[in-house]
Amino acid sequence: MSPILSGRAAFAAALTAALLVPALAACGSDKKDTGAAESPAASASAPAGPKAANLTVLAASSLTDVFKTAGAAYEKAHPGTKVTFSFAGSQELAAQVKQGAPADALVTADTKTMDGLKAETGDPAVIAKNRLVIAAGKGNPFKVDELKDLADTKIKVVLAAPEVPVGRYSKQILDAQKIEVKPVSQEANVRAVLSKVELGEADAGLVYKTDTVKSGDKVSVVEIPDAQNAVASYPAATLKSSKNAEAAAAFVAWLSTPEAQKILQDAGFQKA
């Protein structure tokens, strides 16, 4: 082969190699892009969190303070989700559920009320427990020291109505000790009982221990020994009529997480 042809061949080979390098790089880039394009499909197969929703939760009156804190924590951890609470006595909440009130989840202060709503709820889970105390008037002027002191007719005692969980627990512990109390009134929920004592409209009442946390010196708290006390359980469940079933289930499940349990226990509730 002549030197001229040899030189031309070398030049052509070099030119071909130069053209092939970008092409090969492009091919490598295409493969990389193809892999990136497949990534969303792969991630789509992974379980996604519940969609943001506006949740309405029916909750027992004794959860008023702690659930405001818990709701704020849940909303912060789940951007776009709004949790609205409706607080009332558990028996009132049960009536609302049976009447078809629009809501997504329910938390009662006893298992009996929740058990009566099996047709309307999902499977409940107990998220916390509580105990009763005697809330006496400021400074405890009548020197109420134990349950039997409530039988003194000179003391104006207020209790929750028997159909209210705390009223049922109150009757249970008084009956067990054979203590007869004639209340001056029977209230629709535990917060109403506490309010009567705080305002001086009653001298003493039976309430949940957690209800007195924010009362300060408005009431004097008298502990009831465990052997004479009752344990209140708080079950939570989704409502079958919820239009946000997935989000409601996520909230109810969250109530049993370490984060939610810490909030409950910091407020004085006992571990479930």
*Asks:* Taking all heavy atoms of P124 and all of A237, pick out the closest pair and write down the distance.
*Replies:* CA-CB, 3.8 Å

*Asks:* Which pair of non-hydrogen atoms, one from T56 and one from P102, has the smallest distance, and what is that distance?
*Replies:* CG2-O, 4.0 Å

*Asks:* May I ask you to decide if S61's main-chain N or O and T64's side chain share a donor-acceptor pair within less than 3.5 Å?
*Replies:* yes

*Asks:* For A192, does its backbone N or O pair with a side-chain atom of S195 as donor and acceptor, under 3.5 Å?
*Replies:* no

*Asks:* Is any side-chain heavy atom of V157 closer than 4.5 Å to a side-chain heavy atom of V184?
*Replies:* no

*Asks:* As an exercise, state the distance from CG of L206 to CD1 of I173, rounded to the nearest 0.5 Å.
*Replies:* 5.0 Å

*Asks:* With rounding to the nearest 0.5 Å, note down the distance linking CD in E163 to CD in Q186.
*Replies:* 7.5 Å

*Asks:* Salt bridge between E201 and K196, side-chain N to carboxylate O under 4.0 Å?
*Replies:* yes

*Asks:* Is it true that atom CG of D175 has more than 12 heavy atoms of other residues, nucleotides or ligands lying nearer than 6.0 Å?
*Replies:* yes

*Asks:* Do N140 and S220 get their side chains close enough for a donor-acceptor pair, meaning under 3.5 Å?
*Replies:* no

*Asks:* Below 6.0 angstrom between ring centroids: does that apply to F269 and Y234?
*Replies:* yes

*Asks:* Can you measure from CG (L55) to OG1 (T238) and round to the nearest 0.5 angstrom?
*Replies:* 11.0 Å

*Asks:* Apply side chain to side chain contact (heavy atoms under 4.5 Å, CB included) to L174 and L159, showing your working.
*Replies:* CA-CA 11 Å; L174 290 171; L159 300 173; 4.2 Å; yes

*Asks:* Quick test of your reading: applying salt bridge (Lys or Arg N to Asp or Glu O under 4.0 Å), list the pairs with at least one residue in residues 84-102, sequence neighbours left out, ordered by first then second residue.
*Replies:* none

*Asks:* Can you list, by chain and residue number, the hydrophobic cluster partners of L93 when the side-chain cut-off is 4.5 Å?
*Replies:* L58, V97, L106, M114, L117, L239

*Asks:* Taking the side chain from N229 and the backbone from L132, do they hold a donor-acceptor pair closer than 3.5 Å?
*Replies:* yes

*Asks:* Set out, in order, the CA-CA distance, both residues' side-chain angles and the distance that settles salt bridge (charged side-chain N to carboxylate O under 4.0 Å, His left out) for D203 and K138, then state yes or no.
*Replies:* CA-CA 9 Å; D203 302 316; K138 184 176 182 179; over 6 Å; no

*Asks:* Do D149 and K143 meet the salt-bridge criterion of a basic N to acidic O distance under 4.0 Å?
*Replies:* no

*Asks:* Going by distance alone, is a donor N or O of one side chain under 3.5 Å from an acceptor N or O of the other, for E198 and S215?
*Replies:* yes

*Asks:* Do L147 and I224 have side chains that approach each other closer than 4.5 Å (heavy atoms only, starting at C-beta)?
*Replies:* yes

*Asks:* Taking all heavy atoms of Y208 and all of V166, pick out the closest pair and write down the distance.
*Replies:* OH-N, 3.3 Å

*Asks:* Can you confirm whether L199 sits close enough to K218 that some side-chain heavy atom of one is under 4.5 Å from a side-chain heavy atom of the other?
*Replies:* no

*Asks:* For A53, is there any backbone N or O sitting under 3.5 Å from a side-chain donor or acceptor partner on N244?
*Replies:* no

*Asks:* Measuring only between side-chain heavy atoms, which start at C-beta, is F251 closer than 4.5 Å to V57?
*Replies:* yes

*Asks:* Could you tell me if the side chain of S185 sits less than 4.5 Å from the side chain of V158, heavy atoms only?
*Replies:* yes

*Asks:* State, yes or no, whether a side-chain contact exists between V190 and V164 at a heavy-atom distance under 4.5 Å.
*Replies:* no

*Asks:* One thing to verify: whether D65 and R191 come together as a salt bridge, which I'm taking to mean a side-chain N less than 4.0 angstrom from a carboxylate O.
*Replies:* yes

*Asks:* Output the distance between atom CG (D104) and atom NZ (K240), rounded to the nearest 0.5 Å.
*Replies:* 15.5 Å

*Asks:* Counting N and O atoms only, with roles assigned by atom type, does the side chain of S90 sit under 3.5 Å from a partner on the main chain of A109, one being a donor and the other an acceptor?
*Replies:* yes

*Asks:* Mark yes or no for whether E75, through its side chain, and V83, through its backbone, hold a donor-acceptor pair below 3.5 Å.
*Replies:* yes

*Asks:* Is the ring pair F85/F67 parallel, tilted or perpendicular, if the boundaries are 30 and 60 degrees?
*Replies:* tilted

*Asks:* Side chain to side chain contact (heavy atoms under 4.5 Å, CB included), that's the test. Do D110 and Y169 meet it? Break it down for me.
*Replies:* CA-CA 9 Å; D110 67 333; Y169 294 133; 3.3 Å; yes

*Asks:* Taking side chain as C-beta onward, heavy atoms only, is Q91 less than 4.5 Å from P165?
*Replies:* yes

*Asks:* Can you tell me how far CD of Q172 sits from CD of Q177, rounded to the nearest 0.5 angstrom?
*Replies:* 11.0 Å

*Asks:* Kindly give the heavy-atom pair with the smallest separation between A245 and S242, and that separation in Å.
*Replies:* N-OG, 3.6 Å

*Asks:* Of all heavy-atom pairs between V197 and A204, which one has the smallest distance, and what is that distance?
*Replies:* CG2-C, 3.8 Å

*Asks:* Considering only heavy atoms from C-beta outward, does the side chain of Q228 approach that of E146 to under 4.5 Å?
*Replies:* no

*Asks:* Evaluate the criterion side chain to side chain contact (heavy atoms under 4.5 Å, CB included) for residue pair T81 and Y74; output intermediate values, then yes/no.
*Replies:* CA-CA 8 Å; T81 293; Y74 189 79; 4.0 Å; yes

*Asks:* For the CH2 atom of W254 and the CD atom of Q261, what is their distance to the nearest 0.5 Å?
*Replies:* 9.5 Å

*Asks:* Quick check: closest heavy atoms across T210 and A267, and the distance to 0.1 Å?
*Replies:* CG2-O, 3.6 Å

*Asks:* Check the side chains of D211 and S62 for a donor-acceptor pair under 3.5 angstrom, ignoring hydrogens and angles.
*Replies:* no

*Asks:* Hydrophobic cluster membership, with links at side-chain heavy-atom distances under 4.5 Å among I/L/V/M/F/W/Y: are V66 and V252 in one?
*Replies:* no

